[in-house]
Structure formats: structure tokens, C-alpha cells
Number of protein chains: 2
Amino acid sequence: METIIVRPIGLIHSCFTEKFGIPRQSGMVKSATATLELLPPFNREEMVRGLDFFSHIWVHFLFHRTVEEGWRPTVRPPWLGGKKRVGIFATRSPHRPNHMGMSAVKLVDIRREKKRYLLELSGVDFLDQTPVLDIKPYVPFSDSIAGATSGYTKIDQPRIKLKFSEQALQFCTSYEQETGRKIQLLIEEMIRQDPRPASQKGKKSRFGMLLWDVNIRWQVMGLQFEVLECRRIQ
Amino acid sequence: METIIVRPIGLIHSCFTEKFGIPRQSGMVKSATATLELLPPFNREEMVRGLDFFSHIWVHFLFHRTVEEGWRPTVRPPWLGGKKRVGIFATRSPHRPNHMGMSAVKLVDIRREKKRYLLELSGVDFLDQTPVLDIKPYVPFSDSIAGATSGYTKIDQPRIKLKFSEQALQFCTSYEQETGRKIQLLIEEMIRQDPRPASQKGKKSRFGMLLWDVNIRWQVMGLQFEVLECRRIQ
């Protein structure tokens with residue numbers, strides 16, 4: 001078997017409209033939401049019948065924005081401070097052969113909107129417009145492995161202090177009223193997981209980040225993080 | 001993005017040389033072993049460097065033996081007694097669009113044999129000769145979800161009594177001496193998870209099953225299972 005042709009069965013509509021800041025794994029930012037739209041000919045109620053018995057699902061997807069960049073035999077994972085190289089198969093980096101990703105996410109709702117079948121997800125780490133290759137139920141007795149070792153991945157966040165400027169707070173309130181999107185909580189969770197690339201820690205102190213159609217400017221002073229300004233892009 | 005071309009990065013050499021009896025999920029039969037061979041140009045030590053920090057890995061693979069059978073919008077999962085239909089995306093059935101599977105398995109060893117790079121795995125549910133599309137580390141903090149609900153999947157095995165015939169016992173002893181393969185324990189674990197298809201329970205009482213090059217005949221009388229005969233195929 002030399003090559004195999006696969007095709008998207010769905011498309012992701014996500015709050016992450018650019019790569020910067022996307023959580024390193026699913027589940028890290030609970031407020032991060034996305035809608036998975038089933039594509040024809042898979043946009044049929046019967047294809048996902050019974051999936052709502054499960055609280056979580058696996059989404060297999062394509063790292064579509066790195067396909068053209070190709071793959072690399074080794075990469076420097078952010079967990080190791082961006083300094084040590086490990087094999088691509090020892091990471092979940094997008095720069096892998098076949099460019100396939102997988103994420104365990106919470107299945108919040110399955111709904112129909114005219115002829116569209118939509119899965120509402122949370123705890124996501126998908127870039128907007130990601131093509132979906134497969135959906136599977138999360139099966140705890142085989143997927144949740146007690147005592148599995150975490151290699152070099154560890155959650156060891158410093159206690160980050162976070163504040164919002166007056167402008168940022170006011171923006172969030174009116175944006176939430178207008179769109180129903182809980183952007184303040186999302187910004188908080190995003191920044192608390194410290195989305196700075198390892199290479200930029202200690203070098204830059206000001207950052208910009210795009211969530212939906214909102215550009216967020218924030219700064220870092222030691223362990224004090226501050227959201228300076230939020231503004232809609234046109 | 002209409003279609004995507006992927007290609008195997010590895011090949012599975014497994015104890016499961018036919019479909020019948022393969023565990024429904026990985027991890028169910030701990031003694032089930034396989035070797036994952038990296039294929040050129042991915043057969044390089046550096047591609048998996050650091051993977052040995054992790055106790056478990058995800059293997060993405062192709063259900064190669066169902067590609068020609070195509071996909072189905074709904075299937076009857078064995079967990080529901082083979083009677084109720086659910087959507088294909090609410091199952092892990094091989095008859096799915098793109099025919100992609102994934103299993104969390106134990107990484108026992110990574111070794112080099114001349115120019116071949118081999119990953120020794122256990123707790124597998126792969127058919128022999130399965131093409132591998134990707135390898136990823138198992139990351140407990142995102143993959144192991146506390147409190148995820150199991151839908152219709154439940155392990156609720158009746159206490160199966162199992163005995164081996166004199167011939168079967170003797171065969172296992174000499175096969176193990178000759179090959180180093182712990183076939184008796186494997187047969188025990190295979191049968192204790194009751195590999196009968198839901199459709200055949202209560203109808204047939206005698207079954208045949210192939211493990212490596214060994215044909216195993218066994219029978220069921222109520223909750224009493226007996227391994228009748230083991231024989232090497234030519």
C-alpha cells in the first residue's frame with residue numbers, strides 16, 4: 001500500500017483564528033469553543049446517532065496550515081523550553097509526516113440548523129477552518145490509562161497574576177452582550193496557560209493575540225500579566 | 001481542500017493474523033503483542049528519539065482490510081448485543097469514512113535490528129500487516145479524562161471458567177519453548193474477553209481462532225469455555 005486518499009468529513013469553526021496562542025493540548029483551556037460542521041455527504045443525523053451518550057469525543061484532523069511547510073525528523077517541544085530536540089514521533093507537533101492531529105474534546109451539544117449538522121465542542125485546540133478526518137467516541141476504559149507516564153510534558157504553571165485594563169473590561173462586556181461569546185473568561189484562561197513561545201520568553205514583553213474577530217494586546221512584567229486593549233478587526 | 005494523500009510511516013507485525021477474535025479496544029488483552037516497524041524514509045533513530053520517556057503511545061492506523069468494503073452510515077456495535085444501530089461516528093467500527101483507527105498501547109521497547117527500527121508494543125488490537133499512519137506520545141493530562149462517560153461501552157464480563165485440553169496444554173508448552181511466544185496466557189486473555197460475535201452467541205458452540213501461525217479450536221457450554229485443540233498451520 002503506497003498511498004491512501006482521505007477526505008474531510010467535517011470542518012472546524014473555531015475561536016482560534018490564528019496559530020499564536022493556541023493551547024498545546026486539548027482540555028487546557030476549557031472555555032475554548034468550536035463548532036464542528038459535518039460536510040456532505042456526511043451531514044446526516046444518522047451518522048452521529050448515539051454519539052450524545054458520550055461526554056467526550058476524539059477529533060482527528062489535518063494540520064492544514066503546515067502541510068505546505070512539510071515535515072521534520074526532529075523538533076523542539078515547548079515543554080522542554082524550546083531548546084532540546086526530540087523525534088517528531090515523540091511529540092504532537094504539526095510538522096509531522098501526514099500532518100494528522102487528534103484531540104479529545106468535550107461534546108457540548110449536537111444540533112441541526114436547517115440542513116447543517118453541527119457539533120458544539122469545548123476545551124478545543126483547533127485552528128479555524130481545520131479539516132476534520134474522523135470523529136470517534138472517547139472510551140474511558142481504554143483511552144484513560146491509569147499510571148501512564150508523561151515523559152517531558154508537565155503542567156507546572158507559575159501562579160500568574162492577571163489584570164484587565166479599563167478599556168479591555170468594557171470591551172469584553174459589550175462584546176459578550178452583542179455576540180454571546182464569553183470572551184473575558186477565554187482571555188483569562190488563554191493567558192493563564194502562558195501562550196508565549198519558549199523562544200520569546202524573556203525577550204519580548206508585549207504580545208498580540210487574535211480570538212474570533214478580536215485583537216488582544218497584552219503585556220508581561222515578571223509574573224504580572226495585563227490585558228491592555230481589545231479591539232475588533234475589520 | 002478536497003482530498004489529502006497520506007502514506008504509511010510504519011507496518012504492524014501482530015499476533016492477530018485474522019480478524020476474528022481481535023479485542024474490541026486496545027488494552028483489553030494485555031498479552032497481545034505486536035512489533036511496529038518504521039518504513040523508509042522514516043526508519044531513523046532520530047524520528048522516535050525521546051519517545052521512550054513515555055509508557056504509552058497512540059498509534060494511528062488504517063483499517064486496510066475494510067477499505068474495499070467501503071463505509072456505512074450506521075453500524076451495530078457489539079456492546080449493544082449487535083442489535084441496535086448507532087451512527088458510524090458514534091462507534092470505532094472499521095467501516096467508517098477514511099477507515100482510520102487509533103489505539104493507545106504500551107510501549108515496551110524500541111530497538112534496532114540491523115537497519116530496521118522496531119517498536120515493541122503490548123495490549124494491541126491490530127491486525128497483522130496494518131499500515132501505520134502516525135505515532136504520538138500518550139499525554140496523560142489531556143488524554144486521560146477523569147469522569148468521561150462511557151456511553152454504551154461497558155466492561156461487564158461474566159466470570160468465564162476456562163480450561164485447556166491435555167493436547168492444548170502440551171502444545172502451548174512446546175510452542176513457547178520453540179518461539180518464545182507466551183501463547184497460553186494470550187489464549188486465556190483472549191477467551192476471557194469472550195470474542196464471540198454478538199450474532200453468534202447462543203447459536204454456535206464451537207469456534208476457531210488464529211494467533212500467529214496457530215489455529216485454536218475452542219468450545220462454549222454456558223459459562224464453561226474449553227480450548228480443545230491447538231495446531232500449527234502450514
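- Here A/Arg49 contributes atom CZ and B/Lys84 contributes atom NZ; the two are 10.0 Å apart, rounded to the nearest 0.5 Å.
- At most 12 non-hydrogen atoms from other residues, nucleotides or ligands lie less than 6.0 angstrom from NZ of A/Lys161.
- Without hydrogens or angle criteria, A/Glu18 side chain to A/Leu210 main chain gives a donor-acceptor distance under 3.5 Å.
- Ranked by non-hydrogen atom pairs under 4.5 Å with chain B, the options A/Arg7, A/Arg85, A/Arg96 are led by A/Arg96.
- In this structure, the side chain of A/Arg112 engages the main chain of A/Lys114 through a donor-acceptor pair within 3.5 Å.
- Among A/Phe53, A/Phe42, A/Trp58, the residue making the largest number of heavy-atom pairs under 4.5 Å with chain B is A/Trp58.
- For residues 86-94 of chain A, a heavy-atom distance under 4.5 Å to chain B picks out A/Val86, A/Gly87, A/Ile88, A/Phe89, A/Ala90, A/Thr91, A/Arg92, given by residue number.
- Note on B/Pro140, B/Gly27, B/Ser26, B/Gly50: by heavy-atom pairs under 4.5 Å with chain A, the leading option is B/Pro140.
- Within the 4.5 Å cutoff, side-chain heavy atoms of B/Arg196 are placed close to those of B/Val220.
- Panel note: side chain A/Asp128, backbone A/Ser14; a donor-acceptor pair is recorded below 3.5 Å.
- Applying the side chain to side chain contact (heavy atoms under 4.5 Å, CB included) rule to B/Leu39 yields the partners B/Pro8, B/Leu11; only residues at least two apart in sequence or on another chain are considered.
- Most heavy-atom pairs under 4.5 Å with chain A, from the set B/Ile145, B/Leu133, B/Leu51: that is B/Ile145.
- Contact of A/Thr74 with chain B is made through the side chain alone, with heavy-atom distances under 4.5 Å.
- Between A/Glu189 and A/Arg192 there is no salt bridge, since no side-chain nitrogen of the basic residue lies less than 4.0 Å from a carboxylate oxygen of the acidic one.
- Side-chain contact between A/Ile22 and A/Phe20 is absent, with no heavy atoms from C-beta onward closer than 4.5 Å.
- Under the 4.5 Å side-chain criterion, counting only non-hydrogen atoms from C-beta, B/Phe16 is in contact with B/Met190.
- Per-residue counts of heavy-atom pairs under 4.5 Å with chain A were compared for B/Glu45, B/His56, B/Met47; the largest is that of B/Met47.
- Counting heavy atoms from C-beta on, the side chains of B/Leu62 and B/Val67 come closer than 4.5 Å.
- Considering only residues two or more places apart in sequence or on other chains, A/Phe63 meets the ring pair (Phe, Tyr, Trp, His ring centres under 6.0 Å) condition with A/Phe61.
- Inter-residue side-chain proximity for B/Asp143 and A/Asp143 is flagged as unmet; no heavy-atom pair is nearer than 4.5 Å.
- Taking non-hydrogen atoms and a 4.5 Å limit, the residue list of residues 97-110 of chain B in contact with chain A, ordered by number, reads B/Pro97, B/Asn98, B/Met100, B/Gly101, B/Met102, B/Ala104.
- Highest contact tally toward chain A, considering only B/Arg72, B/His60, B/Arg44, B/Gln129, is held by B/His60 [criterion: heavy-atom pairs under 4.5 Å].
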